[in-house]
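Notes follow once the structure below has been shown.
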Amino acid sequence: MRRTKPHIISLVGARPQFIKLAALTGALSKKTDHVIIHAGQHYDRVMSEVFFDELAIPEVALNLAVGSGSHANMTAHIMMRFERLLLEKCPDLVLVYGDTNTTVAGALTAAKLNIPVGHIEAGLRSFRRDMPEEINRVMTDHLSSLLFCPTPVSVKNLREEGIGKGVVRSGDLMYELIDNHRGRIAKAVTLLKRHGVRRHEYLLLTLHRAGNVDDEKRLAKIVDILARLPYQIIFPLHPRTRKNLNRFGLRKSLEQHSHVHLIEPLSYLDNLRLIAAASAVLTDSGGMQKESVFLGTPCLTLRDETEWPETLKRGNQLVGLSERKIKSRLSSLKRTGRVMPFKIRNLTPSNIITDSIMRFLKG
Ligand code: UD1
């Protein structure tokens, strides 16, 4: 059968990828025959389906159902299953997103079959090779024919690694998605009531980085600090964090503190609503750092480095696991309050990406 539109396959598998996909799929589906494949890296309803439902992402054509496992196990299984699919479907281009095991597995499989790869959120670097995400980013960028960079810094990072061809400064899909939903994000009254907190009188905390939550000492230290913070704290538990709190026997001690509210992972919109209404966000996530400053909420990043250095001048601060830094920032926020929402000149990344793909495929 002769195709009238180019055939694009998006491979996604983990929560932050569904979000970027949600921003892109409308524009992409108008001009291409766009098919979504789910690797199955995230599989709990609250980590996956919820995002497809809430953001009206088109249905997944196939779920590779890889599930959890070691890095090699997960990557290898995605590759074997994805290769079978690519051999059958022969797409014109494969799109991968972000920096997870799904990303690198998809890029490597396609590149070995000589299928061009487009990388959404290319060029980010933490410059720490002990983070699995950093290895995934570097590998994926070096395998990609089209590299969609959200920021000038990401373009520069690629240039410094000798990558210039195929680089497109596309702007930030996550910012575009926030813009598309501002009206819905503002409606938080019921949600705040449900969690028993008041606007600008609580902290929102998320943790999931292996470096923080797989290490018993570091996780215990975080629990210790939380116990002493004079704030209501809403803490949605990523499955990895929940598992480790239980495994290290730390969950009980956290539950003894009535100011810490352990809750299920949040949907995309509820997460943004709780970010927007918080006094501050504490996180080790990359996406949450951006979302906080985009919404004018101060962010304390529980790491020593960030892939988003531009957020540091806009209300984000690296505090590592230093109780002193955390407390001093929180008390200065009592005086200074919120930060100016970080507004970026973001044309429409979804259109820029789609048009670049069309141009690339026309040769
Ligand atoms: C992955 C990505 C990380 C991204 C994050 C977003 C890698 C190396 N890491 O980390 O870059 O920021 O997603 O959340 O790809 N689990 C469940 N249910 C699920 C998913 C996971 O119970 O639906 C549990 C399993 O015990 C699993 C653990 O969480 O072993 C970790 O999941 P995994 O996909 O390996 O990494 P994340 O920590 O989610």
Side-chain angles (χ1 to χ4, degrees), residues 11-22 38-53 60 63-79 82 96-109 119-122 124-126 128-141 150 173-174 204-215 218-219 222 235-248 251 262 264-268 271 281 283-292 301-303 305-308:
L11 179 69
V12 289
R15 196 162 59 165
Q17 299 170 334
F18 310 141
I19 294 170
K20 300 179 228 308
L21 172 68
H38 195 317
Q41 180 173 350
H42 285 173
Y43 44 84
D44 291 350
R45 188 181 147 66
V46 287
M47 298 293 288
S48 175
E49 265 167 270
V50 162
F51 295 85
F52 283 80
D53 293 348
V60 163
N63 191 320
L64 305 178
V66 67
S68 299
S70 70
H71 289 278
N73 190 300
M74 201 191 282
T75 310
H77 279 99
I78 296 173
M79 287 185 69
F82 194 47
V96 293
Y97 300 70
D99 58 15
T100 71
N101 290 341
T102 297
T103 316
V104 73
L108 191 49
T109 312
H119 184 202
I120 308 282
E121 256 185 23
L124 300 187
R125 294 291 181 269
S126 65
R128 284 198 48 172
R129 285 289 169 100
D130 59 345
M131 286 179 73
E133 291 87 356
E134 183 76 353
I135 297 172
N136 296 342
R137 288 180 200 119
V138 173
M139 293 271 295
T140 303
D141 284 339
L173 279 172
M174 288 178 68
L204 178 65
L205 165 72
T206 77
L207 280 179
H208 78 279
R209 291 281 165 202
N212 276 337
V213 305
D214 287 5
D215 178 328
R218 281 182 78 85
L219 194 54
I222 295 171
F235 185 7
L237 286 183
H238 184 288
R240 175 182 212 121
T241 312
R242 184 186 57 216
K243 195 171 75 180
N244 286 336
L245 283 172
N246 290 335
R247 186 156 64 105
F248 302 144
R251 179 151 181 169
L262 302 181
E264 284 288 293
L266 293 160
S267 73
Y268 174 73
N271 187 44
V281 165
T283 190
D284 60 8
S285 145
M288 294 273 290
Q289 295 172 47
K290 279 195 298 176
E291 288 166 336
S292 304
T301 298
L302 304 169
R303 290 172 49 193
E305 72 293 304
T306 177
E307 299 79 21
W308 300 101

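As a basis for the values below, the full set of heavy atoms in this structure was taken, side chains included, without hydrogen atoms, waters or symmetry mates. Order of listing sets the numbers, starting from 1, for every ligand and every atom in it.
- Annotation: R45, atom CZ; neighbour count of heavy atoms from other residues, nucleotides and ligands within 6.0 Å is above 12.
- Residues satisfying the side-chain hydrogen bond (donor to acceptor under 3.5 Å, both in side chains) test with E134, not counting sequence neighbours, are S126, R137.
- For ligand 1, the polar-atom distance check finds no N/O of T100 at less than 3.5 Å from any of the ligand's N/O atoms.
- Under 4.0 Å is where a charged nitrogen must lie from a carboxylate oxygen, and between R303 and E133 no such pair does.
- Here is the list of ligand 1 atoms found below 4.0 Å of a heavy atom in Q41: 1 (C), 7 (C), 15 (O), 20 (C), 33 (P), 34 (O).
- The nearest protein atom to atom 22 (O) of ligand 1, hydrogens excluded, is given as P239 CB, 3.2 Å; this is a heavy-atom distance.
- At least one side-chain heavy atom of M288 sits less than 4.5 Å from a side-chain heavy atom of N271.
- Nearest protein heavy-atom contact of atom 39 (O) of ligand 1 is H42 NE2, 2.7 Å.
- Residue contacts with ligand 1, taken as heavy atom pairs separated by less than 4.0 Å, do not involve A210 at all.
- Scanning the protein for heavy atoms near atom 26 (O) of ligand 1, the closest one is K243 NZ, 3.0 Å.
- In this structure, T102 and L11 have side chains that are in contact, with non-hydrogen atoms separated by less than 4.5 Å.
- The single protein non-hydrogen atom nearest to atom 32 (O) of ligand 1 is R240 NH1, 4.1 Å, given as residue, atom name and distance.
- With ligand atoms numbered from 1 in the order given, ligand 1 contributes 6 (C) to contacts under 4.0 Å with heavy atoms of P16.
- Among protein heavy atoms, atom 25 (C) of ligand 1 sits closest to S68 OG, 3.3 Å.
- Residues V46 and P239 fail the side-chain proximity criterion, which asks for heavy atoms closer than 4.5 Å.
- Between N101 and ligand 1, at least one pair of N/O atoms sits closer than 3.5 Å.
- Of the protein's non-hydrogen atoms, the one nearest atom 4 (C) of ligand 1 is H208 NE2, 3.8 Å.
- Proximity of D99 to L124: side-chain heavy atoms (C-beta onward) are nowhere separated by under 4.5 Å.
- A salt bridge is defined here as a Lys NZ or Arg NE, NH1 or NH2 lying under 4.0 Å from an Asp or Glu carboxylate O, and D141 with R125 meets this definition.
- Among protein heavy atoms, atom 18 (N) of ligand 1 sits closest to D44 OD2, 3.0 Å.
- Interface of M47 with ligand 1, defined as ligand atoms under 4.0 Å from a residue heavy atom, comprises 23 (O).
- Looking only at heavy atoms of the protein, atom 9 (N) of ligand 1 is closest to E133 OE2, 3.6 Å.
- For the pair T241 and T206, the minimum side-chain heavy-atom distance is 4.5 Å or more.
- Close N/O approach between Y43 and ligand 1 is found [any backbone or side-chain N/O within under 3.5 Å].
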Quick one: side chains of residues 63-70, donor-acceptor pairs under 3.5 Å with protein atoms, not counting sequence neighbours, listed by atom name and distance.
| from | atom 1 | to | atom 2 | distance (Å) |
| --- | --- | --- | --- | --- |
| N63 | OD1 | A65 | N | 2.7 |
| S68 | OG | Y43 | OH | 2.7 |
| S70 | OG | N73 | N | 3.2 |

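- Polar contact check, N136 against ligand 1: no nitrogen or oxygen pair lies under 3.5 Å apart.
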